[in-house]
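A quick write-up on the structure given underneath.
Everything numeric here is computed off the predicted structure, so don't read it as measured data.
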There are 2 protein chains.
Amino acid sequence: MKAQALHGHLDALLLAVLEQGALHGYAIIEALRARSEGTLDLPTGTIYPALRRLERAGHVASTWSTVNGRERRTYQLTDSGQRALAGERAGWQDFQLTVGRFLDPGSPPTTPA
Amino acid sequence: MKAQALHGHLDALLLAVLEQGALHGYAIIEALRARSEGTLDLPTGTIYPALRRLERAGHVASTWSTVNGRERRTYQLTDSGQRALAGERAGWQDFQLTVGRFLDPGSPPTTPA
DNA sequence: CTTCATGCGTAGCTACGCTACTTGTCGAAC
DNA sequence: GTTCGACAAGTAGCGTAGCTACGCATGAAG
């Protein structure tokens, strides 16, 4: 899949992954890959800046911890993030419906009665 | 709807609109608006460069004509464009499925058996 | 000791949609 | 008769945001 098609939907995906529990950056990448059955294999240069964006926006909060001598930054959804996710979900439904009108098979060319 | 979410899907929409018949730029904008029930109201600065992109790629062909003293550039889908549209449709299905796994309501957090 | 997986991060590039603008005809309003 | 809005095309420059390609560090595997 063309990953750049994600444009504008990545934040929503990240929030959705974190909804199920706090994770650190690397684990988020793996979670995305796993849940999408390998389709979404995002580079760190995409995820880390996105997480910092979300943190600046107050949608996630991060805490550092050391595991096996490795520093981990674990992110968890905030209340604001939860609300944002709800909004993103609604937005996704809209988007899906609108674009689907043009691209879904069997979508009516001229909406019939 | 946040229009910038279109990122990467606009070409597909344009091809889909032209699939039903040749149109000129201004009419394409109106067709998008009509078929999306007002949701997609794209500015000319978005559509015209996109059409030129598609023409450079060989997916559409344009012909000039004069109607009521006004110059019109009418675009129509080429064979290549038709194939591209089919590909875009497949890509959209993929995309929809993948993102839907995270954002559709009732999408299973841990894909059950 | 070198390679690979884990783990974080940034700099710079590029794609692409958007804002704001220009040019021009035509019909309607004033 | 001039101005204003719909039609019709187009460009320049901007901002967003994902991607490529790096750099740094640890621990296990070979």
Residue set satisfying ring pair (Phe, Tyr, Trp, His ring centres under 6.0 Å) with A/H9, at least two apart, ordered chain then number -> A/W92, A/F95, B/F95
Results of side chain to side chain contact (heavy atoms under 4.5 Å, CB included) for [X] - residues two or more places apart only:
X	value
B/T78	B/A61, B/S80
B/Q76	B/A22
A/S65	A/V67, A/R72, A/T74
B/Q82	B/E19, B/L77

Send over the distance from [X] [atom1] to [N] [atom2], rounded to a whole Å.
X	N	atom1	atom2	value
A/L13	D/dA17	CG	P	14 Å
B/D11	C/dC16	CG	C1'	9 Å
A/L51	D/dG18	CG	C1'	13 Å
B/E71	D/dG10	CD	P	10 Å
B/H7	D/dC19	NE2	C1'	13 Å
A/L6	C/dC16	CG	P	14 Å
A/H9	D/dA17	NE2	P	12 Å
B/L42	D/dA9	CG	C1'	16 Å

Any side-chain N or O of B/R73 under 4.0 Å from OP1/OP2 of D/dG10?
-> yes
Under 3.5 Å, which protein N or O atoms sit close to an N or O of nucleotides 5-7 of chain D? Give each pair with its distance.
from	atom 1	to	atom 2	distance (Å)
D/dC7	OP2	B/Y26	OH	3.1
D/dC7	O2	B/R70	NE	3.3

Does A/R101 reach the main-chain N or O of B/R35 with its side chain, forming a donor-acceptor pair under 3.5 Å?
-> yes
Please identify each residue that fulfils side chain to side chain donor-acceptor pair (under 3.5 Å) with [X], with sequence neighbours left out.
X	result
A/R70	none
B/R33	B/D41
A/E30	none

What does the list of N/O pairs under 3.5 Å between the protein and nucleotides 11-14 of chain D look like, with a distance for each?
none

Test item: A/V99 and B/L40 side chains (from C-beta on) under 4.5 Å apart, heavy atoms = no
Report the distance from atom CG of B/L18 to atom CG of B/L54, rounding to the nearest 0.5 Å.
-> 8.0 Å
Nearest 0.5 Å, what's the NE2-CG distance between A/H59 and A/D11?
-> 7.5 Å
To the nearest 10 degrees, what angle separates the axes at the start and end of the helix from C/dC1-D/dG30 to C/dC30-D/dG1, five pairs each?
-> 10°
Got a sec? Which of residues 56-68 of chain A come in under 4.0 Å of DNA chain C, heavy atoms?
-> A/W64
